[in-house]
Participant: 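My questions will all concern the structure given below.
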Number of protein chains: 2
Amino acid sequence: MNEETGLRERKKQRTRELLSKTAIELFLERGFDQVSVAEVAAAAEVSKPTLFRYFPAKEDLVLHGIADHQGEAARVVRGRAPGERPLAALRAHFHERLDAHDPITGLCDVPAVLAYRDLLYGTPGLLARLTLYALEDERELAAALGEAGADGMTARLGAAQIITVHQVLARGNWERLADGASAAAVLGDAHMDADRAYELLGDGLGVRGL
Amino acid sequence: MNEETGLRERKKQRTRELLSKTAIELFLERGFDQVSVAEVAAAAEVSKPTLFRYFPAKEDLVLHGIADHQGEAARVVRGRAPGERPLAALRAHFHERLDAHDPITGLCDVPAVLAYRDLLYGTPGLLARLTLYALEDERELAAALGEAGADGMTARLGAAQIITVHQVLARGNWERLADGASAAAVLGDAHMDADRAYELLGDGLGVRGL
DNA sequence: ACAGAAAACGCAACCGAGTAACAAAAGATT
DNA sequence: AATCTTTTGTTACTCGGTTGCGTTTTCTGT
């Protein structure tokens, strides 16, 4: 009875994507703060209230694509092979995403993606919103680690550390690309960083003399 | 010639504190979003533009006190005893702050402080701003760890993990107090959590089976 | 003590984000 | 086709934050 179709739903979907796409284009051209939502609405040929019916805030026009990855870490832990350790699963997954040049790893040199990241990291408002998304990721991962057998405090500490490490790795990769290197050229270093980071997670900062 | 005095500076200082104090009182009474900056300005008997000359944004009226702790972790590392490891210095310092019931540890049951924390954690806008402050703390700490001999990536990873762990610990303590326990009653648990967290930092998640 | 420079302030007007109310239009249902 | 529901546009509003400008207050030099 519910074939996921319906002209209405399709139109909504298209409007939503049109809005986000239009907004990002404008933001990339002139900067997040230099473009008003009224302009975005006009360019997408909808009214301002309609825009806000689709996106609760201006920032979400940009972050809408990122919300798709929400809860990925928790999913990886929950979907790991029987007997596999959570950290091992996450580590393998990260290396996979690295090879795929997934933007969430920071290792994607498609010009549009690079410009997009410049926009994110260069706009405090977007960065702040982004960290709120990360907080939810963290909570979900903590729950998943709890299911995997960790006690409450360990699960929360571990989740926080893992999410944090991913952010640092992504930022590191992005900085290399921002310096002009190609993704292919730094792939090896990125893998090494990831290995190092996961070893640090697994073996502690103690082994590095801190 | 410059005795740090001057009527002007003193007045500015007082106005600044009056504004922050007035704002926090009002926010605690009715909630951050239910009080307009115009009201705050009126209650403090200054004009709206003047308020914004003292605080760049509404959120900073609340966070102004917290900014004082800015860079504390980095300072601890830089000021550690010769031969002492950074992690050991940070660990000792955290335990000290715990015993002092310092609000930054989350372990302070003074009613006003508790209400203040409710305000912080219960207002997304404040939380977001707070994490931006934490980002700077992280950068500073990374620099300090770098000076202490860690290579770039390790310093950044370590800094991120340490700051994150502090946040998790503080939040954990706050949750216990929010459940009605007294600071004295949970002090022991708080120390245990901190020990556990720092052991995790030092020895890695591996020892806990993750 | 007094005049002038510099800083801080208040006022009023303004811009942009986000919301509310209501009317108009479009899709779904029979 | 007629009706009901959902979505949309218009207008107008609140609130955070800024700007320009004239006025008051404090600091400085004599």
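Numbered from 1 within each chain, the chains take letters A, B, ... in sequence-line order. What you see below is based on every heavy atom in this structure, not just the backbone, and it leaves out hydrogens, waters and symmetry mates.
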Participant: Should the ring pair A/F55 and A/H64 be called parallel, tilted or perpendicular, given that the plane angle runs from 0 to 90° and is split at 30 and 60?
Facilitator: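 Perpendicular.
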Participant: Return the value, rounded to whole Å, for the distance between atom CG of A/D60 and atom C1' of C/dG18.
Facilitator: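 Taking CG of A/D60 and C1' of C/dG18, I get 12 Å after rounding.
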Participant: Whole angstrom is fine here: how far is it from CG in B/L51 over to P in D/dG16?
Facilitator: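 The answer, rounded to whole Å, is 10 Å.
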Participant: Please report the end-to-end axis angle for the helix from C/dA1-D/dT30 to C/dT30-D/dA1, five pairs per end, rounded to 10 degrees.
Facilitator: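 Axis-to-axis angle, ends of the helix: 20°.
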Participant: What I want to check is whether the side chains of A/T154 and A/D151 have a donor and an acceptor closer together than 3.5 Å.
Facilitator: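 There is such a pair (donor and acceptor under 3.5 Å, judged by atom type) between the side chains of A/T154 and A/D151.
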Participant: Touch check for B/V40, heavy atoms < 4.0 angstrom, all strands: base, sugar-phosphate only, or nothing?
Facilitator: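 Counting heavy atoms under 4.0 Å across all strands, no contact is made by B/V40.
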Participant: From the list C/dA8, C/dA17, C/dG10, which nucleotide is the closest neighbour of the side chain of A/V37?
Facilitator: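 Looking only at side-chain atoms, A/V37 lies closest to C/dA17.
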Participant: Using atom NZ of A/K58 as one end and atom P of C/dG16 as the other, report the distance to the nearest whole Å.
Facilitator: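 About 9 Å, once rounded to whole Å.
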Participant: Checking all strands, does A/Y54 fall into the base, sugar-phosphate, or nothing category for heavy-atom contacts under 4.0 angstrom?
Facilitator: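 Sugar-phosphate, no base atom in range.
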Participant: Calculate the interatomic distance between A/Q13 atom CD and D/dT6 atom P; express it in whole Å.
Facilitator: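 Interatomic distance, CD of A/Q13 to P of D/dT6: 19 Å.
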Participant: Any donor-acceptor pair under 3.5 Å joining the side chain of A/K48 to the base of D/dG9?
Facilitator: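 Looking at the base of D/dG9, it does not pair with any donor or acceptor on the side chain of A/K48 (distance under 3.5 Å).
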Participant: Tell me: CZ of A/R53 to C1' of D/dG9, nearest whole Å?
Facilitator: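 Answer to the nearest Å: 8 Å.
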Participant: Could you give the CD-to-P distance, from B/E39 to D/dT14, as a whole number of Å?
Facilitator: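 B/E39 atom CD is separated from D/dT14 atom P by 13 Å.
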Participant: Do we see a donor-acceptor contact under 3.5 Å between the side chains of B/D99 and B/H191?
Facilitator: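 Yes.
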Participant: In terms of side-chain heavy atoms of B/S36, which of D/dC15, C/dT19, C/dC9 is nearest?
Facilitator: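 So the side chain of B/S36 is nearest to D/dC15.
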Participant: A/V46 has a side chain; which of D/dT19, D/dG9, D/dG17 sits nearest to it?
Facilitator: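 Closest of the options to the side chain of A/V46: D/dG9.
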Participant: Just compare D/dG17, D/dT10, C/dG18 and give me whichever is closest to any side-chain atom of A/F52.
Facilitator: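 Among the listed nucleotides, the one closest to the side chain of A/F52 is C/dG18.
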Participant: Determine, stepwise, if the pair B/F27 / B/V40 fulfils side chain to side chain contact (heavy atoms under 4.5 Å, CB included).
Facilitator: CA-CA 9 Å; B/F27 294 157; B/V40 176; 4.2 Å; yes
Participant: Just to confirm, is there a sub-4.0 Å distance from OP1 or OP2 of D/dG9 to any side-chain nitrogen or oxygen of A/T50?
Facilitator: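 A/T50 to D/dG9 OP1/OP2: side-chain N or O found under 4.0 Å.
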Participant: Any salt bridge between A/R176 and A/D193, counting N to O under 4.0 Å?
Facilitator: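 Counted as a salt bridge, because a side-chain N and a carboxylate O are separated by less than 4.0 Å.
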Participant: May I have the distance from B/E45 (atom CD) to C/dC9 (atom C1'), rounded to whole angstrom?
Facilitator: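 Roughly 14 Å, once rounded to whole Å.
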Participant: If you find the nucleotide of DNA chain D closest to B/K11 and the one closest to B/E59, which residue's nucleotide is nearer the 5' end?
Facilitator: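 In this pair, the answer is B/E59.
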Participant: Rounded off to whole Å, could you give me the CG-to-C1' distance for the B/L18 and C/dA8 pair?
Facilitator: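 The distance from CG of B/L18 to C1' of C/dA8 comes to 16 Å, rounded to the nearest Å.
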Participant: With the threshold set at 4.0 Å, does a side-chain nitrogen-carboxylate oxygen contact exist between B/R117 and B/E175?
Facilitator: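 Answer for the salt bridge query: no.
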Participant: Do A/D195 and A/H95 have side-chain atoms, one donor and one acceptor, less than 3.5 Å apart?
Facilitator: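 Per modelled atom types, A/D195 and A/H95 side chains form a pair under 3.5 Å.
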